[in-house]
Amino acid sequence: MDPIRSAFEDDPDMIDIVREFVHAFSDRMTALEDSLAKGDLPRVRTLAHQLKGAGGGYGFPQITEAAASLEMVVEEDAELLVIKEKMSQLFEILRAVVVSEDD
Amino acid sequence: MNTELPNPNRVLVIDDEQSIHKLIAARLRPEGIVVTGELDGVRGIARAITESIDLILLDVGLPNLDGFQVCRKLKEHPSTRNIPIIFLTSDSTMEAKIRGLDMGAVDYVTKPFEQAELRARVRAGLRTKRLQDILERQSFLDGLTGLWNRPYLDQRLESELNVAHRYGRPLGLMMTDIDHFKVVNDTHGHLFGDIVLQGVAEELRGYARRSDIVARYGGEEFAVLLTDTPLSAGTFVAERLRASVENRRFEVHDQVVTVTASFGLACTENIVGNVTPEALIDAADRALFASKDAGRNCIHICEGGQIVRVTGSAGLIEAQ
């Protein structure tokens with residue numbers, strides 16, 4: 001997958017919080033994986049819901065889209081396999097995100 | 001009297017996602033707006049009650065209390081009722097929007113939001129708040145004298161009594177009534193009567209400190225709430241006011257007219273029994289009636305259930 005960049009990377013009001021948002025991806029992925037492993041689907045749904053709400057605002061419409069798909073399959077009580085599939089698609093996008101580290 | 005509207009505007013974000021707080025803060029900062037955030041409804045409500053907040057951005061999908069429940073509680077509480085609420089949520093169904101607006105929210109923004117749209121909607125919400133504040137202020141002012149009106153005094157009396165009780169400070173209430181006002185009206189007309197009311201109001205306002213609340217209580221009766229003021233200091237204020245009303249010269253058709261006023265004073269420190277708003281008003285009222293009975297243009301105080309005429313400080317000031 002091609003690298004994904006925030007639409008707001010050049011916005012001086014935004015760059016600091018975009019970096020912070022991106023740096024927290026690994027924690028979010030861990031939380032999603034752990035919740036799914038424990039069978040805590042409401043928590044998976046909440047975490048996906050939060051990423052859906054925040055992604056676009058941080059300049060990542062792809063994250064909002066993928067998180068919305070994950071939230072939807074959890075809401076629909078889909079097969080575990082389908083949920084896992086949607087989660088890995090979301091993770092693929094999160095891992096493809098790059099952000100400039102120098103000011 | 002503080003007539004300034006607070007600046008800068010303060011927006012409270014209630015959302016369970018910290019990154020949304022930061023995003024909104026970054027987006028609203030260029031508008032000169034200060035953003036604070038809470039992660040759940042209970043804390044959010046507490047924050048809105050204790051701090052001065054101009055607008056609330058409220059998420060629907062919150063843990064514990066959901067956004068609609070939070071909205072209902074905010075609309076029920078007297079100190080948060082007038083804060084405009086904008087729902088902020090990824091639920092874009094028409095039913096959710098209608099439900100939110102029907103519960104008293106002013107607007108609805110769906111996440112992820114466009115920054116320009118968010119800013120414009122927040123600006124519109126803040127405009128609503130500003131107009132509401134002005135309207136509320138107007139509704140608490142007496143049109144003729146520009147003093148606070150009785151509903152405002154009643155409201156402040158209650159909250160100032162709480163403050164006085166909590167910090168163990170004395171709260172004084174001075175009631176004053178223009179003597180023979182009906183005669184003034186009948187002799188010189190109601191327009192002149194209005195000028196007298198305005199003149200007396202000006203004297204009261206002139207002597208009041210910033211923290212005092214000066215109100216037209218009704219007709220030709222005025223009330224002054226004296227914060228942090230024991231009976232002795234209140235008596236001093238009353239005597240100065242009595243003298244200043246007596247010395248003010250009103251002119252009508254090349255004729256100089258003077259009026260006098262009677263005063264009654266009570267203080268939370270000198271009330272027997274429960275210190276309620278009614279008890280304080282009743283004590284000051286009884287003192288005022290005693291001044292009327294004693295021939296007017298004088299001051300009585302209510303001291304532990306006894307009504308006493310004040311002569312000491314009056315004599316002292318007049319002798320100077």
Side-chain angles (χ1 to χ4, degrees), chain A residues 4 6-29 31-32 35 40-75 90 93-94 97 99 103, chain B residues 8 11 13-41 57-68 86-93 95-97 100 108-122:
Chain A
I4 296 171
S6 165
F8 307 128
E9 203 170 356
D10 298 328
D11 184 339
D13 289 335
M14 290 293 293
I15 181 61
D16 287 343
I17 63 167
V18 169
R19 275 188 201 126
E20 210 178 312
F21 184 61
V22 172
H23 292 159
F25 283 169
S26 54
D27 288 344
R28 286 183 195 264
M29 287 191 276
L32 277 164
S35 302
D40 187 353
L41 288 175
R43 182 79 193 135
V44 172
R45 198 197 144 197
T46 299
L47 291 164
H49 183 83
Q50 291 172 341
L51 266 176
K52 178 179 88 169
Y58 279 87
F60 301 109
Q62 311 90 324
I63 294 177
T64 288
E65 207 178 309
S69 302
L70 174 58
E71 185 191 14
M72 199 163 70
V73 294
V74 176
E75 268 173 11
L90 172 63
I93 287 168
L94 293 178
V97 169
V99 64
D103 284 314
Chain B
V11 168
V13 179
I14 308 176
D15 192 300
D16 62 344
E17 173 60 33
Q18 187 93 53
S19 66
I20 293 289
H21 299 190
K22 289 180 179 163
L23 184 58
I24 291 170
R27 289 317 196 184
L28 296 183
R29 200 175 300 128
E31 302 271 312
I33 294 167
V34 177
V35 175
T36 49
E38 286 296 347
L39 294 167
D40 67 69
L57 289 167
L58 178 58
D59 187 25
V60 171
L62 289 168
N64 308 320
L65 289 181
D66 74 27
F68 295 122
I86 297 179
F87 274 117
L88 189 66
T89 174
S90 1
D91 186 353
S92 57
T93 59
E95 289 77 15
K97 289 179 184 173
Y108 213 103
V109 180
T110 46
K111 288 188 285 189
F113 47 80
E114 288 293 328
Q115 57 152 324
E117 184 189 343
L118 174 78
R119 284 184 192 170
R121 290 190 189 278
V122 166

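Order of the sequence lines fixes the chain letters, A, B, ..., with proteins taken first and strands second; residue numbering starts at 1 for each chain.
F21(A) touches chain B through its side chain: at least one heavy atom from C-beta onward sits under 4.5 Å away, while N, CA, C and O do not. Heavy-atom distances place the side chain of E20(A), and not its backbone, under 4.5 Å from chain B. Within the 4.5 angstrom heavy-atom criterion, no atom of R45(A) approaches chain B. Residue D15(B): no heavy atom, backbone or side chain, is found under 4.5 Å from chain A.
Heavy-atom contacts from other residues, nucleotides or ligands closer than 6.0 Å to CD of Q18(B) number more than 12. No more than 12 heavy atoms of other residues, nucleotides or ligands shown are found within 6.0 angstrom of CD on E114(B).
One finds the CG atom of L47(A) at 8.5 Å from the CD atom of E17(B) (value rounded to the nearest 0.5 Å). Put simply, NZ on K111(B) and NE2 on H49(A) are 5.0 Å apart, with the number rounded to the nearest 0.5 Å.
Taking each heavy atom of K22(B) and I17(A) in turn, the nearest pair found is O-CD1, 3.5 Å. Considering all non-hydrogen atoms of both residues, P30(B) and D13(A) come closest at CG-OD2, 3.5 Å. Between A54(A) and S19(B), the shortest heavy-atom distance links the atoms CB-OG, 3.4 Å.
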For a side-chain contact (heavy atoms from CB on, under 4.5 Å) check, start with the C-alpha distance between M14(A) and L23(B), then their side-chain angles and the critical distance, and finish with the verdict. CA-CA 8 Å; M14(A) 290 293 293; L23(B) 184 58; 3.4 Å; yes
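With sequence neighbours left out, the ring-ring contact (aromatic ring centres under 6.0 Å, His included) criterion links F8(A) to no other residue.
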